[in-house]
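We count residues from 1, following the sequence as given.
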Amino acid sequence: MIAVDTNILVRIFVDDLDHAQIEKARNLAQKAKHIYIAQIVLAELVWVLTRAYQLTKAQICCILQELLDNSAFIIEQEQQFLEALITFKENNTDFSDCLILAETKAAGIEHIYTFDAKFSRLKSVKKL
């Protein structure tokens, strides 16, 4: 098993101008039996796809779903990732906030406090 950083993962899923990096990343993915994806990489991935590549939420959800469905990818804390993905699909909240909520629930914590109005619309999240 190998692990990859966000920039490698982006090149696996997105065609951009750096064809050499795309080829290297995709060749690495094809040779590896399993690719470990850390939660922080997932949060960064969504941020990069949104900000740098301006992908739509639907496009990003498709990529995240592919990571979940493809057995070559091993997701850190997969159950929390799945819960975050469902919350992300169903709400107008940042994916990183959805991960925070899923991790907090898994830790048995009842409430999260925030100044973020969007995030505070979710159940168990309280605006301070």
Side-chain angles (χ1 to χ4, degrees):
M1 180 177 341
I2 65 167
V4 296
D5 191 11
T6 308
N7 52 17
I8 302 294
L9 200 54
V10 168
R11 296 310 185 282
I12 290 170
F13 284 99
V14 179
D15 290 327
D16 66 11
L17 298 178
D18 197 331
H19 298 291
Q21 285 188 357
I22 292 169
E23 185 176 338
K24 286 179 184 179
R26 290 178 182 172
N27 284 340
L28 177 69
Q30 287 175 349
K31 290 177 186 175
K33 289 187 177 188
H34 297 289
I35 300 171
Y36 179 81
I37 310 293
Q39 291 285 18
I40 190 67
V41 171
L42 295 167
E44 285 183 346
L45 175 67
V46 172
W47 190 89
V48 168
L49 295 177
T50 302
R51 302 286 187 218
Y53 291 91
Q54 300 175 341
L55 268 60
T56 66
K57 183 174 181 175
Q59 291 170 311
I60 293 169
C61 286
C62 285
I63 290 171
L64 295 176
Q65 191 67 51
E66 172 64 22
L67 287 169
L68 186 63
D69 293 343
N70 188 326
S71 63
F73 295 106
I74 309 301
I75 306 294
E76 178 185 17
Q77 300 175 347
E78 185 176 302
Q79 186 57 43
Q80 287 85 355
F81 170 72
L82 174 59
E83 188 174 325
L85 179 56
I86 291 168
T87 302
F88 182 61
K89 286 178 178 180
E90 295 175 350
N91 295 278
N92 186 24
T93 304
D94 295 337
F95 182 72
S96 58
D97 289 337
C98 296
L99 276 175
I100 291 167
L101 179 60
E103 293 295 330
T104 302
K105 284 182 181 179
I109 298 170
E110 193 172 328
H111 297 290
I112 301 172
Y113 289 87
T114 184
F115 290 116
D116 184 335
K118 231 176 22 172
F119 188 28
S120 69
R121 292 183 193 132
L122 298 179
K123 185 178 178 183
S124 301
V125 182
K126 307 284 185 193
K127 187 170 181 193
L128 188 61

Under a single-linkage definition using a 4.5 Å side-chain heavy-atom cutoff for Ile, Leu, Val, Met, Phe, Trp and Tyr, are [X] and [Y] assigned to the same hydrophobic cluster?
{"X": "Val48", "Y": "Val4", "value": "yes"}
{"X": "Ile40", "Y": "Ile100", "value": "no"}
{"X": "Ile74", "Y": "Val41", "value": "no"}
{"X": "Leu101", "Y": "Leu99", "value": "no"}
{"X": "Leu67", "Y": "Leu28", "value": "yes"}

Does atom CD of Glu76 have more than 12 heavy-atom neighbours, drawn from other residues, nucleotides or ligands, at distances under 6.0 Å?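 More than 12 within 6.0 Å, yes.
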
Give a yes or no on whether the backbone of [Y] and the side-chain of [X] come within a donor-acceptor separation of less than 3.5 Å.
{"X": "Gln80", "Y": "Ala106", "answer": "no"}
{"X": "Asn70", "Y": "Glu66", "answer": "no"}
{"X": "Gln59", "Y": "Thr56", "answer": "yes"}

pair [X]-[Y]: side-chain heavy atoms closer than 4.5 Å:
{"X": "Asp94", "Y": "Thr50", "value": "no"}
{"X": "Ile60", "Y": "Phe88", "value": "yes"}
{"X": "Ile22", "Y": "Asp18", "value": "no"}
{"X": "Trp47", "Y": "Thr6", "value": "no"}

To the nearest 0.5 Å, tell me how far [X] [atom1] sits from [Y] [atom2].
{"X": "Phe95", "Y": "Leu85", "atom1": "CZ", "atom2": "CG", "value": "6.0 Å"}
{"X": "Lys31", "Y": "Arg26", "atom1": "NZ", "atom2": "CZ", "value": "15.5 Å"}
{"X": "Ile86", "Y": "Cys98", "atom1": "CD1", "atom2": "SG", "value": "11.0 Å"}
{"X": "Leu49", "Y": "Ile63", "atom1": "CG", "atom2": "CD1", "value": "5.0 Å"}
{"X": "Ile37", "Y": "Leu45", "atom1": "CD1", "atom2": "CG", "value": "8.5 Å"}
{"X": "Leu68", "Y": "Cys61", "atom1": "CG", "atom2": "SG", "value": "12.0 Å"}

Under the side-chain contact (heavy atoms from CB on, under 4.5 Å) test, residues paired with Thr114 that sit two or more places apart: Asp116, Phe119, Ser120, Val125

Give a yes or no on whether a salt bridge exists between Asp5 and Arg11, defined as a side-chain N under 4.0 angstrom from a carboxylate O.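 Between Arg11 and Asp5 there is no salt bridge, as every charged N stays at least 4.0 Å from the carboxylate O atoms.
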
[X] and [Y]: which non-hydrogen atoms are nearest, and at how many Å?
{"X": "Ser96", "Y": "Ala43", "result": "CB-CB, 4.4 Å"}
{"X": "Ala32", "Y": "Ile2", "result": "CB-CD1, 3.7 Å"}
{"X": "Phe81", "Y": "Leu64", "result": "CZ-O, 3.6 Å"}
{"X": "Thr93", "Y": "Lys118", "result": "OG1-O, 3.8 Å"}
{"X": "Ile8", "Y": "Ala25", "result": "O-CB, 3.8 Å"}

Sorted by chain and number, sequence neighbours left out, salt bridge (Lys or Arg N to Asp or Glu O under 4.0 Å) with Glu44 holds for none

Non-neighbouring partners of Arg121 that pass salt bridge (Lys or Arg N to Asp or Glu O under 4.0 Å), sequence neighbours left out: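 Listed in chain order: nothing, the list is empty.
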
